[in-house]
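Every value quoted in this text rests on a predicted model; they were computed, and no experiment measured them.
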There are 2 protein chains.
Amino acid sequence: MEIDARKMKILQAIVRNYLETGEPVGSRTISKYTDLNLSSATIRNEMADLEELGYILQPHTSAGRIPSDKGYRLYVDTMMAEKEQEVNEMKELLLEKEEKMDAMLKRVAKILANDTNYAAMISAPAVQGNKVKFIQLSRVDKHQLIAVIMVEGNIIKNNIIHVNDYLDDETILKLNIMLNSSLGGLSISEINLAMIAQLKHQAGVHEDIISDVIDAVADAIKGNDEDLEIYTSGAKNIFRYPELADNQKASEIIDAFEEKQMLSSLVKETLTNSESRGIQVYIGEESPVSTIKDCSVVTATYELGEGMRGTIGIIGPKRMDYEKVVDSLKGLMHQLDNLYDKNE
Amino acid sequence: MEIDARKMKILQAIVRNYLETGEPVGSRTISKYTDLNLSSATIRNEMADLEELGYILQPHTSAGRIPSDKGYRLYVDTMMAEKEQEVNEMKELLLEKEEKMDAMLKRVAKILANDTNYAAMISAPAVQGNKVKFIQLSRVDKHQLIAVIMVEGNIIKNNIIHVNDYLDDETILKLNIMLNSSLGGLSISEINLAMIAQLKHQAGVHEDIISDVIDAVADAIKGNDEDLEIYTSGAKNIFRYPELADNQKASEIIDAFEEKQMLSSLVKETLTNSESRGIQVYIGEESPVSTIKDCSVVTATYELGEGMRGTIGIIGPKRMDYEKVVDSLKGLMHQLDNLYDKNE
DNA sequence: TGTTAGCACTCGGATTAAATGAGTGCTAAC
DNA sequence: GTTAGCACTCATTTAATCCGAGTGCTAACA
């Protein structure tokens, strides 16, 4: 058996209705809901077929039908296809340039959560492949140096380096010149072992320090994989949806939101999956994070200049308003792009 | 009517029993629970008195009694008095020196939450009154300077300063010397307007920059009041306690945990209240944060070297195991102190 | 005067039973 | 292929009932 146009229409009606109400939907409802002008009996026949095909299911005998993951998937896919061309004009979110990246990200998450009534997360742009803009080594006191490293996108890292021997001003100056001239403008992938060996050689007796500095640089450029910074907002929104609000489930979801590294697998998956910059939808079990398998996740990849990519995500019940969420995310992606242009 | 020794013992028994079970406790239970050897009838009489005094209350007629906020308060106060001298030996929490302050704090919160089965929060040490250890201005490119400020306790702040005119190396060097010699070793309270005016005067045409740097320094030393950094862990633990786990309450508590600035009033209150370094208990409505008025909060102030004080807190149901929590916090405070000594 | 046994009474929560009604599958007629 | 009709199912709602923990009060006791 194949799914035909009419079945598709009925499926869509079922999904839409279920998104609204959260209640299983019956044949009579659908027969009034659609413009098909079919009796409930006919709908019932079609629904039986749809069930056999696995797109919908019955929570129990004599209840209406709800969409299965597969049903949601089909719905989302066709909806996304329709949205493909559509240039989206959403209301301006008033994103202004803010000095601090983290404050901005927190704000974005908050706006998104408020706007959609779902939970929102955003990952700080990973600076993978980013280029070194500025390096400086300074002496704080006898045994402490501080390394300041700035990479493209004005992200700054500091590392404290402990040294045994006192370094005089001249040596430090030399090291600084050396570091900047050899590493400035390079990205992590361009800094290879040969170069490091060369640097160490040049540094002579100070090769330990160079090695520490290089580590710091590497750290700054690649951004530690594990502690991808993730900001969240609106976790409390899950309590709006009874199907997520029972203790067991809520507890798991809240935990995922608090121990943010659980979400990082989601971010990673999104970043690798997205060819350039797509919107992705994970429905229920499809999600890489097992503790939120009763939720759906809609993610978007944003790009702040070359190479600086991050992920925005909306997490809500499976019956989330995919259409609205996709719109919101698209609008936001757009704005983040603009923001970067203005920033430069 | 006054509360006498026997009433006190009965109140303690009621509180303890309620902490364990979470159920209202009746006279019969208490008559067996205590070593007073009194019949339930006698206990009933005493309980009627305790109720009249406001230490306990009945959720409804023909239910047992539960402690009122006032009852908890009395219980906690007497318990704390007993603990006053007691030097506490708790199991080592394996706190090791970690390079990054924030990672350490997150870990402490996590340990605490796991250890107690309540929710935990910790605020980063506020650097109030801290002294400037090192200031450096460097040129990143034509129009960008970066100011690196390190204060005691190795906390580093970076500020990017935009300038219109190009500053040559010599000027920057001069500014650096000037800044370090005039501000080094001073705390915010010691940097006054006269000094700033003097600095600006010295800087001549570059007074704008000085002004920016001073701002950055002020920022670094005092740490912005609003964004006290707060780390939390174990929010999901609230679901262990049915009296907190209903949608409405859980939602509010979770929100407070996510929008951490709500907790900052708690931190501030704690820091100002604590003469030197006490443990404080806020029961129910006593808490400065209204959204967690169904919880109790136990806070401790820790000190990492002079002037760097932060707050650790445990948030749980009113029937929390105050004794254990106070012990845990005391142990942790102790360890944080040690940590600092080792760090230096 | 303080303590205790006994008893009637209260009331929330659990248990059970019945009623309700939304929704289904199937059949037969159009 | 569509539809009306009907018997059947079953989660949910409502009402009725029971149960028992716990109380307050009184009278007797030490």
If you check every side-chain atom of B/Thr61, which of C/dC11, D/dA4, C/dG23 has the closest atom? C/dC11
Atom NZ of A/Lys32 to atom P of C/dG23: distance rounded to whole Å? 9 Å
Atom CG of A/Asp4 and atom P of D/dG1 are separated, to the nearest Å, by 11 Å
Under 4.0 Å, heavy atoms only, any strand: does B/Ala63 hit a base, just the sugar-phosphate, or nothing? sugar-phosphate
Send over the distance from B/Ile43 CD1 to C/dT4 C1', rounded to a whole Å. 12 Å
Is there a donor-acceptor contact under 3.5 Å from the side chain of B/Lys70 to the main chain of B/Leu53? yes
Atom CG of A/Leu36 and atom P of D/dG1 are separated, to the nearest Å, by 17 Å
So does A/Ser62 reach the base of D/dT9 with its side chain, donor to acceptor, closer than 3.5 Å? yes
Please report the distance, rounded to the nearest Å, between CD1 in A/Ile56 and C1' in C/dT24. 12 Å
Looking at A/Tyr75, is its backbone amide N or carbonyl O close enough to the side chain of A/Thr78 to form a donor-acceptor pair, meaning the two atoms are under 3.5 Å apart? yes
If you compare every side-chain N and O of B/Arg28 against the phosphate oxygens of C/dT4 (OP1, OP2), does one of them come in below 4.0 Å? no
How many whole angstroms separate atom CD1 of A/Ile66 from atom C1' of C/dG23? 15 Å
For the side chain of A/Gln58, starting at C-beta, report the closest nucleotide among C/dC11, D/dT23, C/dT24. C/dT24
Without decimals, in angstroms, what is the distance between B/Asp49 CG and D/dG24 C1'? 13 Å
Could you tell me how far apart A/Glu46 (CD) and C/dG25 (P) are, to the nearest whole angstrom? 13 Å
Got a salt bridge between B/Lys110 and A/Glu259, using NZ or NE/NH1/NH2 to carboxylate O under 4.0 Å? yes
Taking the six-membered ring for Trp, are B/Tyr72 and B/Tyr55 closer than 6.0 Å centroid to centroid? no
Between B/Asn45 and A/Glu51, which has a closest nucleotide on DNA chain C that is more 5'? B/Asn45
Nearest-neighbour nucleotide for the B/Arg65 side chain, D/dA21, C/dT3, D/dG24 considered: D/dG24
Of the options D/dT23, C/dT24, C/dG12, whose atoms approach the side-chain atoms of B/Ser27 most closely? D/dT23
Checking D/dC10, D/dT23, D/dT2 against the side chain of A/Thr42 (C-beta onward), the nearest is D/dT2
I want to check one thing: is the phosphate of C/dC7, taken as OP1 and OP2, less than 4.0 Å away from some side-chain N or O of B/Arg44? no
Pairs counted as Watson-Crick or G-U wobble with both distances under 3.5 Å: what dot-bracket string results for DNA chain C, using | for bases tied to another strand? ||||||||||||||||||||||||||||||
Contacts of A/Thr232 that satisfy side-chain contact (heavy atoms from CB on, under 4.5 Å) - sequence neighbours left out: A/Met121, A/Ile230, A/Phe257, A/Lys260, A/Leu263, B/Glu258
I need the minimum non-hydrogen distance between B/Ser40 and B/Ser31, along with the two atoms involved. N-CB, 3.8 Å
Sub-3.5 Å donor-acceptor pair from the side chain of B/Gln58 to the main-chain atoms of B/Ala63, do we have one? yes
For atom CZ of B/Arg28, is the number of surrounding heavy atoms from other residues, nucleotides or ligands below 6.0 Å larger than 12? no
